[in-house]
Amino acid sequence: MVAAGLLAFSFIALALGAPTWDALHVHDARSTAPAGYKASGAPDPNEVLNLRIALKKDNTPLVQKLLDVSTPGSKNYRKFLTKAQVAALTAPSDDGVKAINAWLQKNGVKATPGATNQWLNIELPVSKANALLDADFTVYKNPTTGVTTIRTLAYSVPASVRPYLDFIYPATAFPVQAKKGISSVHVSGTFHNSTHVARADASCATAITPTCLQQFYNVPTDPATQTSSTMAVSSFVNSFASTSDLSGFLTQFRPDIPSSTSFSVTSVDGGSNDETQPSTEGSLDIQYTVGIATDVPTTFFTVGTQNDGDVTGFLDLVNNLIALDSPPSVFTTSFGFPEELVDPGLANNICNAYAQLGARGTSIFFSSGDSGVDDGQGGSCTTFRPTFPSGCPFVTVVGATQGVPPESAADFSSGGFSNVFAVPDYQSGAVSGYLGKLGSTNAGLFNTSGRGYPDISAAGVSYQVNIGGTVTDVSGTSASTPFVASTVALLNDRLVAAGKAPMGFLNPFLYSTGASAFTDITTGNNPGCGTDGFPANEGWDPVTGLGTPDFNKLLTAVGL
Ligand SMILES: *[C@@H]1O[C@H](CO)[C@@H](O)[C@H](O)[C@H]1NC(C)=O
Ligand SMILES: *[C@@H]1O[C@H](CO)[C@@H](O)[C@H](O)[C@H]1NC(C)=O
């Protein structure tokens, strides 16, 4: 009798208590929309939102594994992981997936699998999203960029799912447009004219061709022989490349190989490649991959903009590559963002995805940017503004040099220290060495505990590119990056031919046994924000990194 009464009582108490126990808590909030965006009314309540739920997961085991397979001397060096092994390391907890699905089901929302096991997708009308998440999805317009989007300044999730849910996207993270690493700065006339020119044709002082790069850096002209060593080239914001321009380029600058040598195209998010509208960036990237990494199978991944902003394209592209059974051995991207405009949760998620791809054996290259110590977003800066994903410690970032060897830093070469990502162990010696030499220069203008970039560099001024049939002079870290990626693709080909694994994530190698394969660049600097920026000097520096590659020395460093 007493027991029964108690039972009934506690049942009622629980039922009454339930709403408070699973109350909504604000999960993400921002006080205002980012600069440039203005609220412009409520969206149609029936408009369907495609939202993604990022599940929380401790990334430590994956990163440990990545470093284990990427650090020279480790017994697992270059024993890369399979797709299933990476998936096992990144799988969120069963409890978390159950709690999130239970919450959605209770509210009549059905989740479908996302791009990787760290994501769930949901589709729901604005009215329902507002109720479910206690949100206020609103139409925002950016008159400068012409972008119109639906976002909320805050959303909430119940206590029952809070421990398992990292963030919902897109919600409070606004679209950010990608910048191309192409410099409008004209630096001709600042070339060094030194006695070391002998290694290269005199014309390389004013016009960089594949022959110049082969001469500067001892890059072989022999074709690759291994079909398993492949390269992926990113294309965003309709940066198309033309097969006929490539053919014209090869005829003129690589007469030793068939002018029919080409590339394949893969579409992500509905991206296309309109060959009648070749772009500077797409043409540069394709001509200095296909035209350098002779016969390395190369795929142009063209990412559409239908998914609401270019950062989404970055996320989708890396997750597409992770989903492949055989991801590319080399992945090169000459686009980036101002770091401060990318939501930190999203930035971390994308960076962790690069760690997953690296663990699979892909060498990932990004250009550092073309704005010195600034990020190219315009306006004035009171402190240095880093670029993204340069700060991600799991990618290899490429800066630019100018002139014939001995080169100096190109003044546009972006470099500095992240405000989001801490300095990784593999780089801490290099960074503290540099900061010691720097002394009080630029004190207070940058984050001394951030990951420093770029890691390495290469010529980036006056590349000869065929755009719409006309040879045009193009400069930027956008030029340096596909070239460096191609050099590593050729190295991978040699490794695979010798029965060895490709390089994979490069940085632990670059900052240890690989450093000897780079020519230190010790002159020049990267001005910005009303300062001279950082000086290049002996050893690693945040303008040219560890220096420029020498293919012969790379062969030695990898034991070939
Ligand atoms: C470099 O110097 C040499 C010898 O002084 C001169 O003949 C040549 O024209 C110079 N080249 C350039 C590009 O200025
Ligand atoms: C400096 O960088 C660290 C990460 O390395 C970060 O936690 C910190 O918030 C940054 N400081 C500023 C002022 O951005």
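Note that the numbering runs from 1 along the sequence shown for the chain. Counting convention: from 1, in listed order, for ligands and their atoms alike.
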(request) Taking only heavy atoms of S449 into account, list the atoms of ligand 2 that are under 4.0 Å away from them. (result) 1 (C), 2 (O), 3 (C), 5 (O)
(request) Have a look at T396 and tell me which of I456, T481, T332 forms a side-chain contact (heavy atoms from CB on, under 4.5 Å) with it. (result) I456
(request) Identify the protein heavy atom lying closest to atom 5 (O) of ligand 2, giving its residue, its atom name and the separation to 0.1 Å. (result) A422 CA, 3.0 Å
(request) Could you label the plane-to-plane angle of the F388 and F337 rings as parallel, tilted or perpendicular, counting under 30° as parallel and over 60° as perpendicular? (result) tilted
(message) One residue to check: N447. Relative to ligand 2, which of side chain, backbone, both or neither has a non-hydrogen atom less than 4.0 Å away?
(response) side chain
(message) Please tell me whether F314 and F236 form a close aromatic pair, meaning their ring centres lie under 6.0 Å apart.
(response) yes
(message) Can you report which non-hydrogen protein atom sits closest to atom 7 (O) of ligand 2, along with the distance?
(response) N419 O, 4.6 Å
(request) Step through the shown structure and confirm whether more than 12 heavy atoms of other residues, nucleotides or ligands are within 6.0 Å of CG on D425. (result) no
